[in-house]
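Here is the structure we will look at, set down as structure tokens.
Heavy atoms only: backbone and side chains are in, while hydrogens, waters and symmetry mates are out.
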Amino acid sequence: MVTAGTAAADDAPPSQGGAAATLGGLKTFDKAIIHDNGKDQQVGAGLFEMSVDNGGSIQTYCIDLHNPTQNKAKYEEKSWAETSLANNPNAGKINWILQNSYPQVNDLDALAKTAGAGALTEKTAAAGTQVAIWRFSDNAKVDAADPQAEKLADYLEKSAQNLQEPKASLSLDPPAVSGKAGERLGPVKVHTNADSVTLTPGTEAAGAGVKLVDKTGKTLTSAADGGEVYFDVPEGAADGSATLTAQAATKVPVGRAFASATKSQTQILAGSSESTVSATATANWAKKGAVPAVSAEKDCAKGGVDITASNKGDEAFTFELLDQKYTVEAGQSKTITAPVKEDQSYKFTITGPNGFEKTFSGVLDCKTASSGGSDTPSSQPSPASAGGSGTGGDTSGGDLAETGSSSNTPMIAGIAVALVVVGGGAVFFVRKKKAPAGQ
């Protein structure tokens with residue numbers, strides 16, 4: 001079923017892990033000039049700041065030049081595979097630039113000397129770094145307006161090497177498990193750069209007598225990287241489901257991507273204070289029959305959404321996706337990629353036995369606007385289109401730049417907030433089909 005509408009952000013499921021943040025605006029920037037189709041366009045180039053949910057702040061650069069930002073847009077930490085970086089052979093070079101330039105390198109005299117630039121300020125260093133990133137993220141023909149910032153951009157572009165993608169600040173794998181009452185469901189493995197994460201069962205778990213335990217049955221309230229958590233479901237528990245939330249305070253690794261479900265330009269992390277990160281996992285159980293566990297993740301390399309369904313019951317789990325029937329036998333799992341058009345909103349609802357229902361929604365944003373090579377730049381392609389200015393968050397204990405900006409920092413004149421409304425969003429409903437008798 002297809003219906004027109006904006007991106008389905010309000011009913012999107014919780015992030016599978018990491019930091020969630022709200023865009024605050026462009027804070028430390030200078031000017032850059034985009035050369036496109038014989039025309040030159042001046043834009044702002046530099047560092048954004050975002051406030052992290054439940055505490056903390058981060059700084060980011062844009063990796064989606066021709067898309068505008070939405071004021072106060074909500075962002076979530078994502079893997080490269082869920083963004084335009086999945087199809088970008090230079091993604092690792094962007095990470096090198098982040099590691100070897102401002103704000104990770106805060107000694108601007110040393111940075112200028114290395115780059116062969118005369119002198120750099122926070123603003124010109126940020127602009128030069130952003131310009132170099134755009135050359136790799138968007139294959140853009142862009143120069144820094146300031147000569148010293150341009151020298152920095154040229155140095156970074158020439159020197160960049162491919163580095164590996166940084167790991168998530170926090171994730172739970174898999175994000176969904178299933179089984180029968182009387183069993184320990186899992187394991188769910190913790191991946192984090194924090195020393196420890198707290199583990200909290202959902203209220204429905206307590207009502208059903210479900211506990212979070214290790215493989216020996218010992219109750220867990222925390223875990224470290226690599227730790228394994230199980231849902232201990234008591235014998236005789238009524239068919240149901242439960243959640244767990246893992247949370248920690250840590251610095252988000254430089255180079256992690258941040259994407260918005262509201263079609264606001266994709267960002268990449270340049271610096272982080274001590275910030276709150278979280279992840280959720282769910283468990284589904286029943287006495288008999290099919291017992292499914294379903295999760296979803298954007299797959300930009302394939303141009304769609306990967307739906308992974310597993311079945312720990314004693315009967316097959318059959319469902320329909322985009323007019324195709326799929327069956328997951330007892331004890332098996334299957335991943336299906338549901339194709340979604342670029343910039344299109346999607347909503348998948350999968351139902352199963354005993355009231356099982358799982359909904360996944362969002363917007364597929366896997367390409368930069370100039371990926372095809374023929375797009376004309378937006379009238380607001382700049383990070384400066386995210387309106388607002390102000391002081392940054394508390395940077396104590398983190399690696400954020402000391403920008404020195406204030407609430408009176410001016411935005412570039414003439415560049416306004418541009419809201420992107422996604423029309424013609426596709427909404428897909430996936431329903432479990434009853435198997436014929438005897439199947």
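A donor-acceptor contact under 3.5 angstrom links the side chains of Thr349 and Thr359, judged on distance only.
Annotation: side chain to side chain donor-acceptor pair (under 3.5 Å) contacts involving residues 298-312, sequence neighbours excluded, comprise Asp306-Thr337, Thr308-Thr335.
Enclosure of atom CG in Asp195 is not indicated, since only 12 or fewer non-hydrogen atoms of other residues, nucleotides or ligands lie within 6.0 angstrom.
A donor-acceptor pair is defined here as one N or O able to donate and one able to accept, closer than 3.5 Å; no such pair exists between the side chain of Glu77 and the backbone of Ala168. Side-chain atoms of Ser260 come within 3.5 Å of backbone N or O of Lys74 as a donor-acceptor pair. In this structure a side-chain-to-backbone donor-acceptor pair under 3.5 Å is missing from Asn90 to Phe136. Judged purely by atom type and a 3.5 angstrom limit, Arg256 has no side-chain atom pairing as donor or acceptor with the backbone of Ser169.
Atom-to-atom distance recorded for Ile63:CD1 and Thr83:OG1 is 5.0 Å, nearest 0.5 angstrom. With rounding to the nearest 0.5 Å, the separation of OG in Ser137 from CD1 in Ile97 is 9.0 Å. If you take CZ on Phe319 and OH on Tyr326, they are separated by 7.5 Å, rounding to the nearest 0.5 Å. In this structure, Ile268 CD1 and Ser84 OG are separated by 9.0 Å, a value rounded to the nearest 0.5 Å. Here the NZ atom belonging to Lys39 is positioned 13.0 Å from the CD1 atom belonging to Ile34, to the nearest 0.5 angstrom.
Residues Glu329 and Lys334 are not paired through a salt bridge, judged by the lack of any N-O separation under 4.0 Å between the basic side chain and the carboxylate. Between Asp343 and Lys263 there is a salt bridge, since at least one side-chain N of the basic residue sits less than 4.0 Å from a carboxylate O of the acidic one. In summary, Glu320 and Lys325 do not engage in a salt bridge, as defined by a charged side-chain N under 4.0 Å from a carboxylate O. Using a 4.0 Å cut-off between charged nitrogen and carboxylate oxygen, Arg135 and Glu157 count as a salt-bridge pair. Between Lys78 and Glu76, at least one side-chain N (NZ, or NE/NH1/NH2) sits under 4.0 Å from a carboxylate O, which counts as a salt bridge.
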Stepwise side chain to side chain contact (heavy atoms under 4.5 Å, CB included) test for Leu98 and Tyr61: CA-CA 9 Å; Leu98 294 166; Tyr61 285 109; 3.6 Å; yes
Enumerate donor-acceptor pairs with a distance under 3.5 Å from any side-chain N or O in residues 108-118 to protein atoms, sequence neighbours excluded.
unit_1 : atom_1 : unit_2 : atom_2 : d
Thr114 : OG1    : Ala110 : O      : 3.0

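Residue Val197 comes nearest to Ala246 through the heavy atom pair CG2-CB, 4.3 Å, listed as atom of the first residue, atom of the second, then distance. What you find for Phe258 and Thr266 is that their closest heavy atoms are O-CG2, 3.4 Å.
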